[in-house]
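Residues: numbered from 1 along the sequence shown.
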Amino acid sequence: MSKFFTENLKNLTPYTPGEQPKDMQYIKLNTNESPFAPSKAVSDAVLRESQKLQLYSDPECTSVRKELARIYGVDFDQVIVTNGSDEVLNFAFMAFADDKSPLLFPNITYGFYPVFAELNRIPYTEVPLKSDFTIDINDYIGVNKTVVIANPNAPTGIALSIEDIEKIVKSNPDNVVIIDEAYVDFGAKSAVSLINKYDNLLVVQTFSKSRSMAGARLGFAIGNKSLIADLNTIRYSTNPYNVNRMTDAAGAAALIDNDYYMDNCKTIIENREWTVNELKKLGFEVLESKANFVFAKSDKIDGEKLYLELKNRGILVRHFTKECICQYNRITIGTLEQMQKLIETISLILKEN
Ligand code: PMP
């Protein structure tokens, strides 16, 4: 750290992204990416726009917002797009939370929430999950705080019902409720259907998982026009060109090919069910996932040991050191072939132990 880093920020603990080792070719099941390549229309759009990189991108992101409005049945000005959904989460924290409206989120959830809170110096409370890793919605009813819930939650994969989400939103009319639906396309129900009913609901999604565009960085939020206008005030005060022209065009092309991506999600769901069954046959306890990953542990092997043994054999999964979840590993669902290799390798490791 330099001597110039401000007093306010010197204790900031940054987010740790999933590892991307370059020493060998791994089966990558550690960052919840899609195993499927983008559709041809997306690559063509990127190539086409790459010929125009001398020009700034469209600050209104018209192409992709138009398509999002069409797919989700909302108005153009109910949508904002950003550089990954991480960016819109950060904007939403900046816009809607402060000392008077502090943040509230589960103690086991997406690791960026406390980082954004600290970066923006917003007080926050982490609510313990129940012992079965589910959310007790009573903890979020009428709390007078800015609530943030990942639905499905990460890294557990467990989803709340739309009825429960609505109860939380309805009971906090004076605060924004942010529902982070990064994994919603893998089996949970989206709260987008509620945005015209509640002016305090902001739904955040991403192209990184179900639409195979993690490397392009495209996220979005849908909500009441005024919420979106506030987020645009933040966006135009930081970086109006936050989405580059290749990503804007790629996002629009992906939505025109939406059926291809939704079919891929069905395949991932099938592969997930296959993987859950096989892990259970090997004696694993697996939480009920509605995401493109599963969270699993076995009494036969320590969580970190399994992660390291898999890594030695060329398979990367995500292990967290936090005590209450350190026996688990979060395993991204890939192709059936990748999952077969994973199960084969785990069986071997268990035998050798
Ligand atoms: N929310 C959750 C719950 C996530 O797991 C992630 C991915 N790490 C994100 C948001 C951010 O994804 P992205 O910035 O790639 O859209």
Side-chain angles (χ1 to χ4, degrees), residues 61 64-65 68-69 71-98 100-106 109-110 112-117 119-120 122 124 135 137 140-154 159-160 162-185 188-209 218-238 242-243:
C61 297
V64 68
R65 279 172 70 207
L68 282 167
I71 294 273
Y72 290 94
V74 297
D75 292 342
F76 183 76
D77 50 11
Q78 291 178 314
V79 185
I80 181 173
V81 296
T82 51
N83 193 307
S85 58
D86 282 336
E87 187 176 55
V88 78
L89 287 167
N90 190 26
F91 288 176
F93 283 23
M94 281 190 216
F96 307 124
D98 63 6
K100 288 197 197 112
S101 242
L103 291 155
L104 187 75
F105 45 79
T109 190
Y110 184 33
F112 233 134
Y113 303 156
V115 178
F116 285 143
L119 178 64
N120 295 303
I122 304 163
Y124 64 95
I135 286 174
I137 68 152
Y140 300 86
I141 299 290
V143 284
N144 270 324
K145 292 191 170 142
T146 304
V147 171
V148 190
I149 290 181
N151 195 45
N153 197 8
L160 282 178
I162 190 80
E163 290 77 18
D164 281 348
I165 296 284
E166 182 163 10
K167 281 183 201 156
I168 294 170
V169 176
K170 197 174 178 178
S171 74
N172 291 290
D174 298 325
N175 291 90
V176 173
V177 174
I178 302 166
I179 305 297
D180 176 355
E181 297 186 345
Y183 302 102
V184 76
D185 293 326
K189 239 181 161 182
S190 174
V192 167
S193 59
L194 300 175
I195 61 138
N196 287 321
K197 206 165 158 191
Y198 299 100
D199 65 1
N200 62 325
L201 169 64
L202 187 75
V203 179
V204 172
Q205 290 197 18
T206 179
F207 283 68
S208 295
K209 320 291 177 184
L218 186 60
F220 61 98
I222 299 183
N224 175 279
K225 271 184 206 169
S226 327
L227 290 183
I228 299 302
D230 294 343
L231 292 170
N232 269 317
T233 300
I234 307 276
R235 191 171 71 88
Y236 276 90
S237 307
T238 33
N242 57 338
V243 174

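- Taking both residues in full, the closest heavy atoms of Ser190 and Ser193 are given as O-OG, 3.6 Å, listed atom of the first, atom of the second, then distance.
- Minimum interatomic distance between Ala221 and Ile228 (heavy atoms only, all atoms of both residues): O-CD1, 3.8 Å.
- In the model, Tyr72 has no side-chain atom that pairs as donor or acceptor with a side-chain atom of Gln78 under 3.5 Å.
- No side-chain donor-acceptor contact under 3.5 Å links Thr146 to the backbone of Val176.
- Here the side chain of Asn232 pairs no donor or acceptor atom with the backbone of Arg235 at under 3.5 angstrom.
- Across every non-hydrogen atom of Ala97 and Ile122, the tightest pair is CB-CG2, 3.7 Å.
- By the 4.5 Å heavy-atom criterion applied to side chains, Val204 and Ile179 are not counted as neighbours.
- Residue Leu201 holds its CG atom at 14.0 Å from NZ of Lys170, rounded to the nearest 0.5 Å.
- Scanning all heavy atoms of the two residues, the minimum distance from Lys189 to Asn151 falls at O-ND2, 4.2 Å.
- Counting heavy atoms from C-beta outward, Leu202 and Leu231 have side chains that approach closer than 4.5 Å.
- Between the OH atom of Tyr236 and the CG atom of Asn242 there is a distance of 9.0 Å, given to the nearest 0.5 Å.
- Nearest heavy atom pair, residue Asn120 against residue Met94, reads OD1-CG, 3.3 Å.
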Review point. Do Ile222 and Leu68 pass the side chain to side chain contact (heavy atoms under 4.5 Å, CB included) test, and can you show the C-alpha distance, the side-chain angles, and the key distance before you say yes or no?
Key: CA-CA 9 Å; Ile222 299 183; Leu68 282 167; 5.6 Å; no
Check your understanding: Where do Asn144 and Asn175 land on the side chain to side chain contact (heavy atoms under 4.5 Å, CB included) test, with the steps shown first?
Key -> CA-CA 6 Å; Asn144 270 324; Asn175 291 90; 3.7 Å; yes
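- Here the closest heavy-atom approach between residue Ser171 and residue Tyr140 is recorded as OG-O, 3.9 Å.
- Using a 3.5 Å distance cut-off with no hydrogens or angles, the side chains of Tyr110 and Asp86 do pair a donor with an acceptor.
- Residues Tyr113 and Asp180 form a side-chain contact, since some pair of their non-hydrogen atoms from C-beta on lies under 4.5 Å apart.
- Relative ring orientation between Phe93 and Phe105 is described as parallel, the plane-to-plane angle staying below 30° on a 0-90° scale split at 30° and 60°.
- Interatomic distance, CG of Leu160 versus CG of Asn153, reported as 8.0 Å (0.5 Å rounding).
- How far CG of Asn90 is from OG1 of Thr82: 10.0 Å, rounded to the nearest 0.5 Å.
- Relative ring orientation between Phe116 and Phe112 is described as parallel, the plane-to-plane angle staying below 30° on a 0-90° scale split at 30° and 60°.
- Side-chain contact check for Asp199 versus Leu227: every heavy-atom pair is 4.5 Å or farther apart.
- Summarising the geometry, atom CD1 belonging to Ile162 is positioned 4.5 Å from atom CG belonging to Leu194; distances are rounded to the nearest 0.5 Å.
- Atom OG in Ser85 sits 12.0 Å away from atom CZ in Phe91 (nearest 0.5 Å).
- Taking 4.5 Å as the limit, some side-chain heavy atom of Gln205 sits within range of a side-chain heavy atom of Val184.
- Formation of a donor-acceptor pair under 3.5 Å by the Glu181 side chain with backbone atoms of Ala191 is found in this model.
- Put simply, the side chain of Ile149 does not reach to within 4.5 Å of the side chain of Val177, judged on heavy atoms.
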